**Student:** 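I'd like to ask you about the structure that follows.
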Amino acid sequence: MRSQDAGEPMDRALLIGVSDYRFTKGPHAVPGKLPAVEKNLPVLREALVRAGVFTDEEITSLPSPDFAEAAQELQRVAREARGLLLVYFAGHGAIPSGGDELYLQLRDAHVLAGEHTVFNGAVSFSDLMGTVLVTSRADRIVVILDCCFAGNAARVWEHFEDKRRVGLLMSVQANHRIDAGDPGTPTPFTENLAELLGEEDGTTVSRLATRLRERMAEQKRRTMRKEAWEPQLRADAGADVQLGEGPQLPVLAPDGPGSSGADPGPGPRPRLPVWVAASWRRPRALAAKWSRAWRRKLSRTDRGGGKRSSRRILLRPALPVLLALGLLGVGLYLLLGPFSRDDTHCAPPLELRVLTDPDLEKTFRTAAAAYLTSDANTTDAGCRRTGITVYSAGSSDVVDALRRRTDAWQEPEGAEVNPQRDIGPQPDVWIPASRAEADRVLEEQDTDAVAELEPEESPLAHSPVVLAVPERLAPEALNDITGRPLTEMIDALTGHADDAAVRRPDPEFTDSGLLATVGLYGDPASVAQGERMVRQQGPPSPTAGDLLCDLPDDDAVDDRTAALVPEFLLVSGVDCEDNTRTPRWALYPADVPGMDPVFVRVRWDDADGDDDSGDDETDRDAAAAAFRDWLAGAGGREVLARQGFRDPGDGELFAPGRKPDGVKFAPSPLDESAGRDEMEQALSAYQAYGGPGRVLFLLDSSGSMADLWQGPSGGPGLLRQTLGGLGAEDEYGVWAVADTGDGPYETLLGFGRHGRKDAEEAVDERARVRDASADPHAALLAAFDEMEDRGDDGRPQMVVHITDGQHGEYLTGGRLREVLNRAGASEVPVTVAVLGSGGCDEGRPDQRIAEVSGGRCLDAGDDVGAALHDEIARIGTGDD
């Protein structure tokens, strides 16, 4: 910060930004270069100096260091720091398929994947923090991570023994990947971080985290899973860190879950008397002298089991009397506080993993944050009993994994089936949106499953799935708010306005979409009619929250489109709420079951808790039971009321005072819960609608693909991974796209029905890189002709193009326009998987082709294998 006298604590910052990677091609490479990260270091450095957090000489910047250089500088900077140490990393973050440890990838990073995943040229967050804590005698340590999966570092922080001096600011929640943004600007998180540092005379890490979350919400930032992008903070209660020139005092952590978005750490919470906090002011002329004196005093004082700490004192002018009182109060606090404070050491709390439906993740993260700081979760010494990680995954994927994949979930064996990667860690608790989902698992679970489910009998809350009608269409529709089947309500709506439309979220991804589908279909003969009622261009929105966020992107669409969504979202609102949203009124169909989230305890065979914590299953049972009791009691009921849920018993709103105009207090009658069989039948009918699917794969086999050919992430490997989404009745073929003189493609697998093993063998035997260029213009036009010749019989169809995106002159000018015109007219979506970074940037040929056809463009910013499998699964009937 400012100039320092001899012996005074020294502040140091190490800024690491890895934008340029050596290994970006081949099966063991990192996803690609990150040009936006190159802009991060100078922008953040300038912001830290401008805000008075550090002088320029106190900051060390490392642009794209390799592992050895980063390790050497980390040790040097950590060793020099005595006051504040800040360590910042931006670059690729990765987690192994079998765990949730975070690896920060340096310039020479590459991955070796087999029975175990090895990250060469990367430092685990555990090792980084071990180096810092062993090497540094800094009084305060702040670590800032701007990378994919940054939130996974929180679990490591929970196990620090001296976490009281470490604040951890993470760019995104656990198990989420993020977009680096425009290559010409800093990454979104760091850009906002730098701007916020310059907006105030001084701030704290917790206030900074709060403002970052608010900024990201205002900007409608989304993770690669299309969920709200929410920076995270871990900082021990009472140990916040001041950044910059503001008035400084021992900052108190918030009482509730906090605007910081963090779980306040365990431990006693020291507080200043109100009169001391109110009078904390002094002239700047005395600031340096008194600051140095108190720092030296604190540096000689043993606090909290031998751990030293200091507090910066920077004060402003005030009345002489208040100055005297303030100095007296602060002096008493600093001199006596270390000895009067409870010195209880808090052991790392047991961590519960809670898996829920994507539409419910925000609700139960809010509930978990409130529980963490509640009396029910706090010991007499002020320590936290339990930590909770809440995450979500596609509902049908979770049901399938708990039915048939529990062994692979507990011990992943290969790249193709890995629930730990595709869903998340093994849950201790599952909260599906309907009890019927738990019953579906129990009815058909493998006899050798290694997970035992114990669902509670009573749901935690209830929320009807409603037809949310735009205000413009509401007067006619509101004649019959309840009591009619969904299809009748939709017919009345479209009869009133010819341009009216209805949308529903993805029935395979969230239960709200599947529950709506139960009402749409009515009986098996009505499947086609129901699907026509919600027909739209492109895939459905993943969640109900996404649907309500997507509609306002086009005012004309928002004004005429009704949405099938859970009612609670109309009460609580959604993360992208803005002033342009069309108000909506809820209609309550008589045949659409509601959401009734239920608490399900999940026990795993041979699961004795975390290796380093000594937890056993009895402790985990007790922790889960305590959280369940709190959710079902007054504390949980209060949170669910704020979120807009209803009492599961009488169906009335928990908090009637929060009822907006468009929601009815006690609508009746309601179809309150779903049955196991109707959920199963609706999903099966949705997946089979239109008959078996047709997919034509175009595999770029040109010479430029040579470095992108081998391994599970190479071209043929990705194609093999997608075949699991196709069943025995689906038809598909594979073309190798390379112009060898006989045409723009070679047939590797003729169009028809194939067993998966036969198809994989055919691809393995015949697919090879050609010493030729690819002509995607001619190949795509031929693909449209092929699909058109197959007939317009209502069966779902798709063209999949796997390429490196290097198309030369073949997709420019008139050739590109011809492909775009055919793609728009064919009504066959094109999904493009680009094996490299930037291939799906706005305006690029592959992105435009996918968009105009109603398909999807995937590149290094996505988990290409998993996303491509999901796209195929929408078209195919699957193996199961």
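What you see is a predicted model, and the numbers here were worked out from it, not measured in a lab.
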**Student:** For residues C148 and V172, determine if any side-chain heavy atom of one lies less than 4.5 Å from a side-chain heavy atom of the other.
**Tutor:** no
**Student:** Quick one, F125 and L145 - any side-chain contact, counting heavy atoms below 4.5 Å?
**Tutor:** yes
**Student:** Hey, are the side chains of P65 and E73 touching, using non-hydrogen atoms and a 4.5 Å cut-off?
**Tutor:** no
**Student:** So do the side chains of D11 and V53 get within less than 4.5 Å of each other, counting heavy atoms only?
**Tutor:** no
**Student:** Would you name the heavy atoms of P349 and G387 that are closest together and state the gap between them?
**Tutor:** CB-N, 3.8 Å
**Student:** Does any non-hydrogen side-chain atom of I16 lie less than 4.5 Å from one of L104?
**Tutor:** no
**Student:** Identify the two heavy atoms, one from G839 and one from V834, that lie closest to each other, and give their separation to 0.1 Å.
**Tutor:** CA-CG1, 3.8 Å
**Student:** As a quick check of understanding, evaluate side chain to side chain contact (heavy atoms under 4.5 Å, CB included) for L133 and V166, giving each step before the final call.
**Tutor:** CA-CA 9 Å; L133 293 172; V166 181; 3.8 Å; yes
**Student:** Find the distance between CZ (R140) and CG (L84) and round it off to the nearest 0.5 Å.
**Tutor:** 9.5 Å
**Student:** Using side-chain heavy atoms (C-beta onward) and a distance below 4.5 Å, is L168 in contact with V156?
**Tutor:** no
**Student:** Can you name the nearest heavy-atom pair linking L372 to I388, along with the distance?
**Tutor:** CD2-N, 3.8 Å
**Student:** Looking only at heavy atoms, which two atoms of L85 and A138 are closest? And how far apart?
**Tutor:** CB-CB, 3.8 Å
**Student:** Do R12 and S136 have side-chain N/O donor and acceptor atoms under 3.5 Å apart?
**Tutor:** no
**Student:** Hey, what do you get for CE (M216) to OG1 (T223), rounding to the nearest 0.5 Å?
**Tutor:** 10.5 Å
**Student:** Residues in side chain to side chain donor-acceptor pair (under 3.5 Å) with K33, at least two apart?
**Tutor:** D20
**Student:** Starting from the C-alpha separation in whole Å, work towards a yes-or-no answer on salt bridge (charged side-chain N to carboxylate O under 4.0 Å, His left out) for R107 and E69.
**Tutor:** CA-CA 10 Å; R107 177 182 172 84; E69 181 184 5; over 6 Å; no
**Student:** Take T135 and L74, measure what side chain to side chain contact (heavy atoms under 4.5 Å, CB included) needs, and give me the verdict at the end.
**Tutor:** CA-CA 9 Å; T135 307; L74 177 65; over 6 Å; no
**Student:** Quick one: are E842 and Q847 in side-chain contact, heavy atoms under 4.5 Å?
**Tutor:** yes
**Student:** Give a yes or no answer on whether the side chain of R82 reaches the backbone of R79 with a donor-acceptor pair at less than 3.5 Å.
**Tutor:** yes
**Student:** So does S19 get a backbone contact from the side chain of S64, meaning a donor-acceptor N/O pair under 3.5 Å?
**Tutor:** yes
**Student:** Side chain to side chain contact (heavy atoms under 4.5 Å, CB included) for T389 and R155? Distances and angles first, verdict last.
**Tutor:** CA-CA 9 Å; T389 299; R155 183 169 175 78; 5.6 Å; no
**Student:** Hey, is CD on Q72 packed in by over 12 heavy atoms from elsewhere, all under 6.0 Å?
**Tutor:** no
**Student:** Can you name the nearest heavy-atom pair linking T60 to R45, along with the distance?
**Tutor:** C-NH1, 4.3 Å
**Student:** Got a second to check how far R222's CZ is from D179's CG, nearest 0.5 Å?
**Tutor:** 13.5 Å
**Student:** Does S171 use its side chain to pair, donor to acceptor, with the backbone of C147 at less than 3.5 Å?
**Tutor:** yes
**Student:** List the steps and the verdict of side chain to side chain contact (heavy atoms under 4.5 Å, CB included) for R22 and D66.
**Tutor:** CA-CA 9 Å; R22 287 198 183 99; D66 57 24; 4.0 Å; yes
**Student:** Enter the distance from N152:CG to L102:CG here, rounded to the nearest 0.5 Å.
**Tutor:** 6.0 Å
**Student:** Taking atom CG of L212 and atom CG of L208, what is their separation to the nearest 0.5 Å?
**Tutor:** 5.0 Å
**Student:** Check whether any side-chain heavy atom of V18 lies under 4.5 Å from a side-chain heavy atom of V37, and answer yes or no.
**Tutor:** no
**Student:** For residues 183-191, tabulate all N or O donor-acceptor pairs below 3.5 Å that involve a side-chain atom, not counting sequence neighbours.
**Tutor:**
unit_1: T185; atom_1: OG1; unit_2: D182; atom_2: O; d: 3.3
unit_1: T187; atom_1: OG1; unit_2: N40; atom_2: ND2; d: 3.0
unit_1: T187; atom_1: OG1; unit_2: D146; atom_2: OD2; d: 2.5
unit_1: T187; atom_1: OG1; unit_2: T190; atom_2: OG1; d: 3.4
unit_1: T190; atom_1: OG1; unit_2: N40; atom_2: ND2; d: 3.4
unit_1: T190; atom_1: OG1; unit_2: Y88; atom_2: OH; d: 2.7
unit_1: T190; atom_1: OG1; unit_2: D146; atom_2: OD2; d: 2.6

**Student:** Is a side-chain N or O of D56 found less than 3.5 angstrom from the main chain of V49, in a donor-acceptor match?
**Tutor:** no
**Student:** Closest heavy-atom contact between Q232 and R213?
**Tutor:** NE2-NH1, 3.2 Å
**Student:** Atom CD of E230 and atom CE of M170: how far apart are they, to the nearest 0.5 Å?
**Tutor:** 12.0 Å
